[in-house]
Amino acid sequence: MSLSSAISIAQQAFSNTAQQTAIVSKNIANAGNADYSRRLALLGSTPNGAQVVSIYRAQNEALLKQNIASIGEASGQARLRDGLELLKSALGGNDYETAPSKLLSDFRNSLQTLAATPGNKTIAATAVSDAQDLADSLNKTSTTVQDLREDADKEIAIEVGKLNSLLADFERANNAVKSATALGGDASDALDERDKILKQVSEIIGISTTTRGNNDMVIFTTDGTVLFENIPRQVTFAPTTTYDATVTGNKIFVDGVPIAAGTGADTTAKGKLASLVQLRDDIAPKFQSQLDEIARGLVELFKEGNPSGVPPIPYQPGLFTWGSAGIPAAGVVVPGLAAKITVNAMAKANPLLLRDGGFNGVVSNPGGAANPSPGYTALIDGFINKMGENMSFDPSTGLDGTSSLLNFATGSVGWLEQTRKTASTADDNKQAMLSRTQEALSKQTGVSIDEELSLLLDLEQSYKASAKLVSTVDAMMAALMEAVR
C-alpha cells in the first residue's frame with residue numbers, strides 16, 4: 001500500500017466517522033422525541049475503503065398503522081367519556097343527588113307527609129317547594145344538555161379548521177418525501193414530519209393510508225372516503241350558533257361525503273369528530289328526550305279538569321305548567337318540555353291548592369273553595385298512587401314504553417350511569433391498547449441512549465485508529481524526507 005493510498009483511506013475513515021458521529025448525536029438529541037425515528041449510517045465498500053452510502057431510518061409500517069388506528073380509537077372514546085362525565089356532574093356527581101329521580105322521590109315523600117297532616121299549610125308549602133326543586137332540576141339539566149350540544153358543535157368547527165390546516169401541512173411534507181425519494185436523497189426528516197402529522201390527523205378523524213411510488217402517500221377516512229391524494233380534500237362544516245331540543249346540528253363533509261357518527265357506549269367513533277357528532281346528535285338528544293318525558297309525565301299526572309274531558313272544562317295543567325294550554329299527548333315526546341316546566345304560581349301563593357285543587361276552577365275538596373275540609377286527602381292520595389302506576393312513555397327515549405313515573409325517572413339515571421361506565425371501561429381498554437402500540441413502535445423506531453453511547457465508543461475507537469494511521473504515515477513521510485536529505 002502506498003503512503004498516498006493510506007492517507008486517502010484515513011481521510012475516508014475520518015469522513016465516515018464524522019457522518020456517523022453526527023447521526024448518533026442527532027439520535028441522542030431526539031431521544032425524548034416520540035415523533036423521531038432512529039437513524040443509522042450504512043457503510044458500503046468502495047475503492048477507497050468503506051464509505052457512508054445511505055442513511056437508514058428505522059421504521060415499521062405495520063406497527064405505525066396500528067398505532068395510528070389506536071390513536072383514533074382512543075381519542076374518540078376519551079371524548080365520548082368526557083361528555084358523559086359532564087352529564088353526570090350536572091346531576092350532582094357520584095350520588096346523583098340533584099337528579100330528577102332523587103327530587104321526584106323527595107317530592108313524593110313530602111306529599112305523603114302532607115297526606116298525614118293535610119291541614120298544615122307549612123307542610124303544604126314544603127311540598128310545593130320540593131315540586132319547584134324538581135322543576136328546577138329538569139330546567140337546569142335540560143340547559144346543560146343543550147350547552148353540551150352547543151359546545152360540541154363549536155368544538156367540531158375548531159377541529160375541522162385544525163384538520164384542514166394539518167392536511168395542508170401534510171401536503172408539504174408529502175411533497176418533500178416524494179422529491180427526496182425521487183432524487184435518491186435522505187427523506188428521513190420529511191418522513192418524520194409526515195408521520196407526526198398523520199398521528200395528529202388520526203386524533204381528529206379515523207384514517208387509513210396506502211403508499212405508492214416515490215413514497216407518495218394517500219389518506220382515506222375509515223369510511224373509505226379519500227381525505228388526501230396529491231392534494232387535500234376539503235373538509236367542511238357549517239356551525240349552528242344556538243341549540244335547543246328542537247334544533248338539529250349540521251353534518252361534517254369530507255369532499256361532499258358526510259362523516260358518520262359513532263355508535264354505542266363502547267363507541268365505534270375513530271377520532272374526535274365522529275365522537276362529537278355522536279354526543280351532539282345521539283347521546284345528548286336521547287337524554288334530553290328522557291327529561292322531556294319526565295316533565296310531560298308530571299304535567300299529565302298533576303293535571304286538573306273535568307275527568308270526562310268534555311267542555312266547558314277539559315283537562316288543563318294543574319300543579320305543573322309548561323307554558324301552553326292543555327295536556328301533551330300521552331306517550332309522545334314534546335321536545336324541550338323539560339326546559340319549560342315550572343310550578344303553577346297559584347300553588348306558591350296558596351300551597352293548600354295541592355290538597356284542594358282549584359288551579360283552573362275545579363275544586364276537588366267537598367267543602368268547596370269557600371269552606372274546604374282540612375282533613376281532605378283524596379286528591380293528595382291520588383297523586384301519590386299515580387306516581388307508582390304505569391303510564392305511557394315514548395319508546396324512542398331508549399327506556400320502557402310503559403312504566404311508572406318514578407321507575408322511568410330512575411331508569412333514566414340508570415341509563416346514563418350504565419352508558420358512562422361502559423364508556424369509561426372502553427376508554428381504559430383503548431388507552432391501554434394505545435400505550436402498548438406506542439411502546440412496541442418505540443422499541444422498533446425509538447432511540448436507545450445506551451445503544452447510541454455504545455456506538456459512540458466504537459466510533460471513538462475508529463477515530464483513534466484513523467488518527468494512528470495518519471500519525472504512522474506522517475512518521476514514515478518524515479523518515480523518507482530525512483533519508484532523501
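Counting begins at 1 with the first residue of the sequence.
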Salt bridge check: are [X] and [Y] linked by an N-O gap of less than 4.0 Å?
{"X": "Lys154", "Y": "Asp147", "value": "no"}
{"X": "Lys102", "Y": "Asp95", "value": "no"}
{"X": "Glu159", "Y": "Arg79", "value": "no"}
{"X": "Glu439", "Y": "Lys443", "value": "yes"}
{"X": "Glu150", "Y": "Arg280", "value": "no"}
{"X": "Arg57", "Y": "Asp195", "value": "yes"}
{"X": "Arg420", "Y": "Glu85", "value": "yes"}
{"X": "Lys430", "Y": "Asp266", "value": "yes"}
{"X": "Lys251", "Y": "Asp281", "value": "no"}

Check: [X] side chain, [Y] main-chain N or O, donor-acceptor pair, under 3.5 Å:
{"X": "Asn60", "Y": "Ala62", "value": "yes"}
{"X": "Ser70", "Y": "Leu434", "value": "no"}
{"X": "Thr321", "Y": "Pro317", "value": "no"}
{"X": "Ser75", "Y": "Gly271", "value": "no"}

Start with the C-alpha gap between Asp216 and Thr181, add the side-chain angles, then the distance that decides, and say whether side-chain contact (heavy atoms from CB on, under 4.5 Å) holds. CA-CA 9 Å; Asp216 180 27; Thr181 303; over 6 Å; no
Contact summary for [X] and [Y], nearest pair of heavy atoms:
{"X": "Asn139", "Y": "Lys340", "value": "ND2-N, 4.1 Å"}
{"X": "Leu291", "Y": "Ser142", "value": "CD1-N, 3.9 Å"}
{"X": "Gln77", "Y": "Ala423", "value": "NE2-O, 3.2 Å"}
{"X": "Thr98", "Y": "Ser137", "value": "O-OG, 2.8 Å"}
{"X": "Pro328", "Y": "Leu337", "value": "CG-CD1, 3.8 Å"}
{"X": "Thr342", "Y": "Ala135", "value": "CA-CB, 4.0 Å"}

Side-chain touch [X]/[Y], heavy atoms, less than 4.5 angstrom:
{"X": "Ser101", "Y": "Tyr96", "value": "no"}
{"X": "Leu298", "Y": "Leu134", "value": "yes"}
{"X": "Asp189", "Y": "Lys26", "value": "yes"}
{"X": "Gln59", "Y": "Glu61", "value": "yes"}
{"X": "Val201", "Y": "Leu227", "value": "yes"}
{"X": "Tyr56", "Y": "Arg39", "value": "no"}
{"X": "Asn164", "Y": "Arg233", "value": "no"}
{"X": "Ser404", "Y": "Asn407", "value": "yes"}

Residues in side-chain hydrogen bond (donor to acceptor under 3.5 Å, both in side chains) contact with Ser179, at least two apart in sequence or another chain: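 So Ser179 forms no side-chain hydrogen bond (donor to acceptor under 3.5 Å, both in side chains) with any residue.
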What do the steps show when you test Arg81 against Thr419 for side-chain contact (heavy atoms from CB on, under 4.5 Å), and what is the final call? CA-CA 9 Å; Arg81 180 211 61 202; Thr419 304; over 6 Å; no
How many angstroms lie between atom [atom1] of [X] and atom [atom2] of [Y], to the nearest 0.5 angstrom?
{"X": "Met217", "Y": "Ile197", "atom1": "CE", "atom2": "CD1", "result": "11.0 Å"}
{"X": "Leu103", "Y": "Gln132", "atom1": "CG", "atom2": "CD", "result": "11.5 Å"}
{"X": "Gln234", "Y": "Leu167", "atom1": "CD", "atom2": "CG", "result": "9.0 Å"}
{"X": "Leu198", "Y": "Leu191", "atom1": "CG", "atom2": "CG", "result": "10.5 Å"}
{"X": "Lys199", "Y": "Lys196", "atom1": "NZ", "atom2": "NZ", "result": "10.0 Å"}
{"X": "Ile204", "Y": "Ile158", "atom1": "CD1", "atom2": "CD1", "result": "11.0 Å"}

Between Ser188 and Asp186, is the side-chain hydrogen bond (donor to acceptor under 3.5 Å, both in side chains) condition met? List the steps. CA-CA 6 Å; Ser188 298; Asp186 180 18; 2.6 Å; yes
I'd like to know whether Leu104 forms a side-chain contact (heavy atoms from CB on, under 4.5 Å) with Leu406, so could you lay out the CA-CA distance, the side-chain angles of the two residues, the decisive distance to 0.1 Å, and finally the verdict. CA-CA 7 Å; Leu104 181 59; Leu406 283 167; 3.7 Å; yes
What pairs of residues pass the ring-ring contact (aromatic ring centres under 6.0 Å, His included) test when at least one of them lies in residues 418-441, not counting sequence neighbours?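 For residues 418-441, and leaving out neighbouring residues, there are no ring-ring contact (aromatic ring centres under 6.0 Å, His included) pairs at all.
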Pairs involving residues 214-263, ordered by first then second residue, that meet ring-ring contact (aromatic ring centres under 6.0 Å, His included) (sequence neighbours left out):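 Found Phe170-Phe228.
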Does a donor on one side chain sit under 3.5 Å from an acceptor on the other, for [X] and [Y]?
{"X": "Asp400", "Y": "Thr402", "result": "no"}
{"X": "Asp394", "Y": "Ser396", "result": "yes"}
{"X": "Asp244", "Y": "Thr246", "result": "yes"}
{"X": "Thr263", "Y": "Thr268", "result": "yes"}
{"X": "Gln290", "Y": "Ser412", "result": "yes"}

Which one of Leu138, Thr410, Leu405 satisfies the side-chain contact (heavy atoms from CB on, under 4.5 Å) criterion with Pro100?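 Option passing the side-chain contact (heavy atoms from CB on, under 4.5 Å) with Pro100: Leu138.
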Which residues pass the side-chain contact (heavy atoms from CB on, under 4.5 Å) test with Leu86, not counting sequence neighbours?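 In terms of side-chain contact (heavy atoms from CB on, under 4.5 Å), with neighbours along the sequence ignored, Leu86 is linked to Ser89, Leu148.
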Under the side-chain contact (heavy atoms from CB on, under 4.5 Å) rule, collect the residues that match up with Asn429, sequence neighbours excluded.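 Listed in chain order: Thr425.
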side-chain contact (heavy atoms from CB on, under 4.5 Å) for Lys88 and Glu417? Distances and angles first, verdict last. CA-CA 8 Å; Lys88 178 181 179 179; Glu417 179 60 14; 4.0 Å; yes
Is it true that, when you exclude Lys140 itself, more than 12 heavy atoms of the residues, nucleotides or ligands shown sit nearer than 6.0 Å to its NZ?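 Check fails, neighbour count at 12 or below.
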Whether over 12 other heavy atoms sit under 6.0 Å from Met433 CE: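 At most 12 heavy atoms, drawn from other residues, nucleotides or ligands, come within 6.0 Å of this atom.
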Applying salt bridge (Lys or Arg N to Asp or Glu O under 4.0 Å), run through Glu155 and Lys162 and close with a yes or a no. CA-CA 10 Å; Glu155 190 173 344; Lys162 191 184 300 182; over 6 Å; no
Name the orientation class of the two ring planes belonging to Phe408 and Phe393 (parallel below 30°, tilted from 30 to 60°, perpendicular beyond 60°).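 Parallel.
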I'd like to check the ring-ring contact (aromatic ring centres under 6.0 Å, His included) partners of Phe287; sequence neighbours left out, ordered by chain and number.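 Residues passing ring-ring contact (aromatic ring centres under 6.0 Å, His included) with Phe287: none at all.
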